[in-house]
Amino acid sequence: MAKIDLAKVGKNLLKSADSGEKVELQSLWQDQPVVVFFLRRFGCQVCRWMASEISKLEPELRANGVSLVGVGPEELGLQEFKEGGFFKGSIYVDEEKNCYKDLGFKRYTALNVLPAALGKKVRDIASKAGAAGIQGNLKGDLMQSGGLIIVTKGGEKVLLHFIQDSPGDFVPLDDISTALGISATVKAGQKPVCNDDVCTR
């Protein structure tokens with residue numbers, strides 16, 4: 001886990017998807033622990049599936065006083081994402097992508113984005129998303145990766161700092177529960193078996 005300068009990253013501004021109000025990232029953990037899921041983009045099919053997966057934890061998180069927050073790197077696709085009901089927490093936009101930079105979420109290049117997007121992990125999740133009726137699009141910044149952080153109340157400690165290596169990387173629900181020291185009763189979605197019929201379309 002890379003070292004995070006919470007004082008620095010916490011000063012970055014996010015825009016509320018509901019009110020349009022700008023708030024500092026650190027305000028999200030001021031009064032309670034928080035799980036912050038950084039999406040690659042709102043139109044990403046794989047990101048939408050990941051958002052729906054992590055949302056399975058929302059009732060347990062809420063019951064334990066933990067806030068669930070999703071952050072996207074741009075507003076493009078936000079309305080469709082909200083209307084699709086993919087995420088059960090609060091949603092914000094990092095318009096300057098400063099949180100993404102400060103947290104080490106890499107940007108792909110024209111040379112490495114295609115192999116990353118066509119990797120087995122991504123194909124597996126895209127297949128699962130399709131089976132669940134979750135669709136996506138190619139609108140927006142295709143080069144940005146994402147990740148997840150879990151921060152204790154008051155920003156005293158970072159419990160988890162996850163950086164995507166591939167667009168198909170995500171934190172298992174059990175790892176989130178374990179990091180927070182809570183027990184969750186939800187069942188993670190089963191990842192599909194990837195075969196030529198499913199994954200080469």
What I'd like to find out is whether the side chain of [X] reaches to under 4.5 Å of the side chain of [Y], using heavy atoms alone.
X	Y	result
V151	E156	no
I54	I176	yes
V34	L68	no
L180	N64	no
L6	V158	yes
F37	V171	no
E53	L173	yes

Going by atom type alone, with no hydrogens or angles, which donor-acceptor pairs under 3.5 Å involve a side-chain atom of residues 20-28 and a protein atom two or more places apart or on another chain?
from: K22; atom 1: NZ; to: E95; atom 2: OE1; distance (Å): 3.1
from: E24; atom 1: OE1; to: Q26; atom 2: NE2; distance (Å): 2.5
from: S27; atom 1: OG; to: E24; atom 2: O; distance (Å): 2.6

Set of residues satisfying side chain to side chain contact (heavy atoms under 4.5 Å, CB included) with respect to Q164, sequence neighbours excluded: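 Testing Q164 for side chain to side chain contact (heavy atoms under 4.5 Å, CB included), a comparison that skips the adjacent residues, returns R40, M50, S145, F162, D169.
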
Non-neighbouring partners of K153 that pass side chain to side chain contact (heavy atoms under 4.5 Å, CB included), sequence neighbours left out: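 Once residues adjacent in sequence are excluded, the partners of K153 under the side chain to side chain contact (heavy atoms under 4.5 Å, CB included) criterion are P33.
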
Sidechain N-carboxylate O distance under 4.0 Å for E80, R48: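 Counted as a salt bridge, because a side-chain N and a carboxylate O are separated by less than 4.0 Å.
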
Mark yes or no for whether [X], through its side chain, and [Y], through its backbone, hold a donor-acceptor pair below 3.5 Å.
X	Y	value
T152	G155	no
H161	L103	yes
K82	A17	yes

Quiz: residues 7-15 side-chain donor-acceptor pairs under 3.5 angstrom, not counting sequence neighbours:
from: N12; atom 1: ND2; to: V9; atom 2: O; distance (Å): 3.3
from: N12; atom 1: ND2; to: D102; atom 2: OD2; distance (Å): 2.9
from: K15; atom 1: NZ; to: E75; atom 2: OE2; distance (Å): 2.8

Provide the closest heavy-atom pair for [X] versus [Y] in the form atom of the first, atom of the second, distance.
X	Y	answer
Y92	S90	CE1-CB, 3.8 Å
A179	I150	CB-CD1, 4.0 Å
C99	D94	N-OD2, 2.8 Å

By ring-ring contact (aromatic ring centres under 6.0 Å, His included) - contacts of Y100 (at least two apart):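 Testing Y100 for ring-ring contact (aromatic ring centres under 6.0 Å, His included), a comparison that skips the adjacent residues, returns F38, F105.
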
Residues which pass ring-ring contact (aromatic ring centres under 6.0 Å, His included) with F81, listed by chain and number, not counting sequence neighbours: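 So F81 forms a ring-ring contact (aromatic ring centres under 6.0 Å, His included) with F42, F86.
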
